[in-house]
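These notes are about the structure you will find just below.
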Amino acid sequence: MKTYHPIRSDSRYSVRKEFCGHEKPRYVLRFCGDFIDSFTSLPSATLRAACHRAIMNGAPVYTNKEA
């Protein structure tokens, strides 16, 4: 199957369709070969790669706090 590199300037990210415990193959996002997550669509995997890269570059992460 074809391997995609969702971030052109950073070839450490790769997306490829794989069987990973689901009924059908899914798009699996990897960073330096390490599994990050799996998705039903390529755009979803691409967006997650961009978010992962932003966090790795120091972007703040906001989470909800319970009142």
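The figures here come from the full heavy-atom set of this structure, side chains too, leaving out hydrogens, waters and symmetry mates.
- Scanning both residues, Leu29 and Arg48, for their nearest heavy atoms gives CD2-CG, 3.7 Å.
- The line from CZ of Arg16 to OH of Tyr27 is 13.0 Å long, rounded to the nearest 0.5 Å.
- Rounded to the nearest 0.5 angstrom, Lys17 NZ and Lys24 NZ are separated by 9.0 Å.
- Within the model, atoms CZ of Arg26 and CG of Leu42 stand 13.0 Å from one another, a figure rounded to the nearest 0.5 Å.
- Under the 4.5 Å side-chain contact rule for hydrophobic residues, Val28 and Phe31 do not share a cluster.
- When all heavy atoms are compared, the tightest approach of Tyr13 to Met56 is OH-CG, 4.0 Å.
- Taking 4.5 Å as the limit, every side-chain heavy atom of Glu18 sits out of range of all side-chain heavy atoms of Pro25.
- For the atom pair Arg12 CZ and Arg53 CZ, the distance stands at 7.5 Å (nearest 0.5 Å).
- In terms of heavy atoms, Ala49 sits closest to Ile7 at O-CD1, 3.6 Å.
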